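Since we're looking at a predicted model, the values are computed, not measured.
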Amino acid sequence: MTVLDAGASRLEVHGSKVGHQLIPAQSSAAESDGLVLFGGTGDLALRMLFASLCFLEADGLLPDGMPVLATGRSIMDEQAFRALVRDALGKRASDAAPGAVDRLTSRISYLATDVTHPNDIKALGSRMAELGIDRPLFYLSVSPSLCSPICAGLLAAGLTGGGARVVMEKPIGKDLASSRVINDQVRAAFSEEQIFRIDHYLGKGTVQNLIALRFANTLFEPLWNNLTIDHVQITIAETQGVGDRWPYYDEYGAMGDMVQNHMMQLMCLVAMEPPSDLAPDSVRNEKVKVLRSLRPIGRADVARTVVRGQYTRSRVGGETLAGYAEERGEDSDTETFVAIRSHIDNWRWAGVPFFLRTGKRLPGRGTEIFIQFKDVPHSIFQGEMKADMQPNQLLIRLQPEEDIVLRLMNQAPGLSLEGMRLESLPLSLSLKTNTKHPARRRIAYERLILDALHGNSTLFVRRDEIEKAWEWVDSISAATRDAGAAPKPYAAGSWGPGGAFALTEREGRVWHDPTDL
């Protein structure tokens with residue numbers, strides 16, 4: 001239980017214990033006895049995955065004696081690779097987890113591997129046998145284009161049976177058709193129960209706490225509908241440009257990179273019906289129902305409901321920021337910004353718009369879910385007090401800092417001849433206010449790696465979720481192509497094209513600033 005205390009106001013709300021498991025483990029699944037990491041020399045592995053393993057090691061959560069076998073194309077021996085991992089972990093891990101770095105690196109082996117060569121995959125199988133890995137967790141920290149050949153090679157080498165599992169990074173494919181091809185090829189090697197499609201946003205503590213907030217408190221769930229909620233906003237704002245990642249980004253754009261991926265998962269968790277329990281399929285069935293209820297956006301609607309943009313050269317804070325076309329070296333119709341007004345056509349959410357917004361080179365960095373409730377049906381306050389009135393708001397912030405903030409109306413302190421004055425009071429569920437279970441902010445991958453090792457797929461994405469999301473996104477992309485709508489230019493360092501503001505303002509709403517609590 002978290003106690004929120006702001007002045008004389010005090011509120012107790014149930015949330016997930018920080019550092020504790022909200023989602024129950026699947027007790028019938030045997031834990032993996034080895035982690036085989038493809039792309040072990042890549043950026044994701046060195047920045048996030050080894051750090052996550054190190055903290056799991058520090059907490060005693062890795063299976064005893066479990067080896068970690070990393071692969072990569074770089075030629076080096078194990079000592080050189082262990083030194084590379086130590087350097088990547090740096091002082092942060094050493095200070096937070098003394099002794100854990102040594103224990104983790106002692107588990108690590110390295111094998112230079114070209115995943116497109118069958119003989120290299122066979123050599124990988126031999127090395128796994130030497131390390132005693134019978135129930136591997138294969139983690140594909142590689143380009144999506146390599147997932148299919150890796151899985152085909154593992155199948156040919158006889159490494160996909162028994163208790164083997166595979167983790168795949170999203171996005172899977174660049175549209176519905178390519179997603180189906182990749183899923184079919186992976187499915188030829190692994191059963192659906194063996195496949196863990198990862199979206200690291202689902203491993204964030206605040207996202208899991210959203211489940212606790214909704215379903216562990218009678219305060220919120222009765223209000224979680226179109227009778228009391230005016231609208232929902234989901235924003236993922238990035239200050240960085242695409243830079244040298246343009247070959248990847250130009251294929252996906254903001255629609256494929258963010259909307260189909262992270263944003264629709266966040267929308268599902270906000271909008272889904274209460275599951276019967278926290279078993280994997282119970283939760284994922286409800287998410288699929290949300291995706292099936294999304295109102296299609298066709299050519300007749302796209303101009304009024306979708307705004308696409310691309311950042312252009314601008315000067316911000318004395319620094320000249322290049323435009324996307326300059327970074328790419330030629331003109332492109334790939335969007336680096338998108339804003340969408342979407343609707344979920346079911347009884348709970350009929351009439352409640354869900355505004356989605358994401359972009360590169362925006363003036364602030366932040367990921368948040370912003371829920372604005374409706375005004376009170378009748379105000380007993382008049383004059384200046386009536387002007388003070390604001391609707392209640394719930395802000396679920398995922399980055400840069402995780403937090404949940406509830407804004408309620410409260411009497412302003414002090415005396416006035418005009419009588420009572422009102423103010424909007426933010427009540428925070430931040431870890432700083434949670435003294436009962438103080439803990440560090442965990443890397444999202446810690447939760448997900450631990451769950452995958454134990455066969456718990458609740459926080460992973462099922463194939464039908466992926467395909468329903470692509471189906472909706474593809475229909476929007478087709479509508480914009482049919483309408484001949486090119487991305488609108490916006491200056492780097494701004495909040496996107498002017499049409500994004502019109503998207504909310506024409507309905508009497510405004511975007512919440514993700515840099516403002």
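- Side-chain contact of Thr334 with Arg328: a donor-acceptor pair under 3.5 Å is absent, judged by distance alone.
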**Q.** Intermediate values then yes/no, side-chain hydrogen bond (donor to acceptor under 3.5 Å, both in side chains), Glu368 and Thr235
**A.** CA-CA 5 Å; Glu368 66 176 30; Thr235 294; 4.8 Å; no
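- Going from atom CD1 of Ile476 over to atom CD1 of Ile340 covers 4.0 Å, rounded to the nearest 0.5 Å.
- Gln185 places no side-chain N or O within donor-acceptor distance of the main-chain N or O of Ala152, the cut-off being under 3.5 Å.
- The 12-atom threshold is not exceeded at NZ of Lys174, counting heavy atoms of other residues, nucleotides or ligands nearer than 6.0 Å.
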Q: Mind running side-chain contact (heavy atoms from CB on, under 4.5 Å) on Leu140 and Leu146 for me, showing each step along the way?
A: CA-CA 9 Å; Leu140 309 188; Leu146 292 176; over 6 Å; no
Q.
Could you walk me through whether Gln260 and Trp472 satisfy the side-chain contact (heavy atoms from CB on, under 4.5 Å) test, starting with their C-alpha distance in whole Å, then the side-chain angles of each, then the deciding distance to 0.1 Å, before giving a yes or no?
A. CA-CA 8 Å; Gln260 183 277 337; Trp472 190 71; over 6 Å; no
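- Ring geometry for Tyr490 against Tyr311 counts as perpendicular: the plane angle is over 60°, on a 0 to 90° scale with 30° as the lower cut.
- Between Lys468 and Asp464, no side-chain nitrogen of the basic residue sits less than 4.0 Å from a carboxylate oxygen of the acidic one, so the salt-bridge criterion is not met.
- One finds the CZ atom of Arg462 at 9.0 Å from the NZ atom of Lys287 (value rounded to the nearest 0.5 Å).
- Side-chain contact of Ser178 with Asp175: a donor-acceptor pair under 3.5 Å is present, judged by distance alone.
- The backbone N or O of Asp244 lies less than 3.5 Å from no partner atom in the side chain of Glu327, so there is not a single donor-acceptor pair.
- Taking a cutoff of 4.0 Å between a charged side-chain nitrogen and a carboxylate oxygen, Arg245 and Asp43 do not qualify as a salt bridge.
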Q: Could you walk me through whether Leu450 and Glu446 pass the side-chain contact (heavy atoms from CB on, under 4.5 Å) test, one step at a time?
A: CA-CA 6 Å; Leu450 184 62; Glu446 293 179 54; over 6 Å; no
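- A donor and an acceptor atom, one from each side chain of Asp257 and Tyr248, are located under 3.5 Å apart.
- Shortest non-hydrogen contact noted between Gly72 and Thr41 is CA-OG1, 4.3 Å.
- Here the side chain of Thr71 pairs no donor or acceptor atom with the backbone of Leu111 at under 3.5 angstrom.
- Looking at Thr358, its side chain does come within 3.5 Å of a backbone N or O of Ile236 through a donor-acceptor pair.
- The shortest distance between side-chain heavy atoms of Gln265 and Lys170 falls below 4.5 Å.
- Listed here is the closest heavy atom pair of Val338 and Met255: CG2-SD, 3.6 Å.
- Just one of Arg103, Arg442, Arg447 meets the salt bridge (Lys or Arg N to Asp or Glu O under 4.0 Å) condition when paired with Asp59; it is Arg442.
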Q: Step by step, work out the side-chain hydrogen bond (donor to acceptor under 3.5 Å, both in side chains) result for Thr206 and Asn209.
A: CA-CA 5 Å; Thr206 304; Asn209 212 5; over 6 Å; no
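- Looking at Glu169, its side chain never comes within 3.5 Å of a backbone N or O of Ser141 through a donor-acceptor pair.
- The residues Glu192 and Arg284 are annotated as not salt-bridged, no charged nitrogen and carboxylate oxygen being separated by less than 4.0 angstrom.
- Contact check on Glu467 versus Arg180 returns a salt bridge, with a Lys/Arg side-chain nitrogen under 4.0 Å from an Asp/Glu carboxylate oxygen.
- In summary, Arg463 and Asp184 engage in a salt bridge, as defined by a charged side-chain N under 4.0 Å from a carboxylate O.
- When atom types are taken as modelled, the side chain of Trp349 and the backbone of Ala271 share a donor-acceptor pair closer than 3.5 angstrom.
- Between the OH atom in Tyr110 and the CG atom in Leu84 there is a gap of 9.0 Å [rounded to 0.5 Å].
- In this structure a side-chain-to-backbone donor-acceptor pair under 3.5 Å is missing from Gln194 to Ala189.
- The 12-atom threshold is exceeded at CG of Asp77, counting heavy atoms of other residues, nucleotides or ligands nearer than 6.0 Å.
- Nearest heavy-atom pair across Glu402 and Gly205 is OE1-N, 3.3 Å.
- Looking at every heavy atom in both residues, Leu159 comes nearest to Ala164 through O-CB, 3.7 Å.
- Residues Pro280 and Ser457 share a closest heavy-atom pair of CB-OG, 3.3 Å.
- Using a cut-off of 4.0 Å between Lys/Arg side-chain N and Asp/Glu carboxylate O, Arg197 and Glu465 are scored as not salt-bridged.
- Among pairs with a residue in residues 270-279, those fulfilling salt bridge (charged side-chain N to carboxylate O under 4.0 Å, His left out) read Glu273-Arg348, at least two apart in sequence or across chains.
- Side-chain atoms of Arg361 and Thr336 include no donor-acceptor pair closer than 3.5 Å.
- Using a cut-off of 4.0 Å between Lys/Arg side-chain N and Asp/Glu carboxylate O, Arg397 and Glu401 are scored as not salt-bridged.
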Q: Run the numbers on Asp451 and Phe460 for side-chain contact (heavy atoms from CB on, under 4.5 Å), then give the verdict.
A: CA-CA 9 Å; Asp451 282 356; Phe460 294 82; 4.0 Å; yes
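- To the nearest 0.5 angstrom, Ile150 atom CD1 is 10.0 Å from Leu124 atom CG.
- Between the CH2 atom in Trp470 and the OG atom in Ser477 there is a gap of 7.5 Å [rounded to 0.5 Å].
- A donor-acceptor contact shorter than 3.5 Å links the side chain of Arg214 to the backbone of Val270.
- Taken from CG in Asp102 to CD in Glu57, the straight-line distance is 10.0 Å, to the nearest 0.5 Å.
- Taking the six-membered ring for Trp and thresholds of 30 and 60 degrees, Phe50 and Phe81 have ring planes more than 60 degrees apart, a perpendicular arrangement.
- Between the side chain of Glu335 and the main chain of Ala254, a donor-acceptor pair closer than 3.5 Å is present.
- Between Ala51 and Arg47, the shortest heavy-atom contact is CB-O, 3.9 Å.
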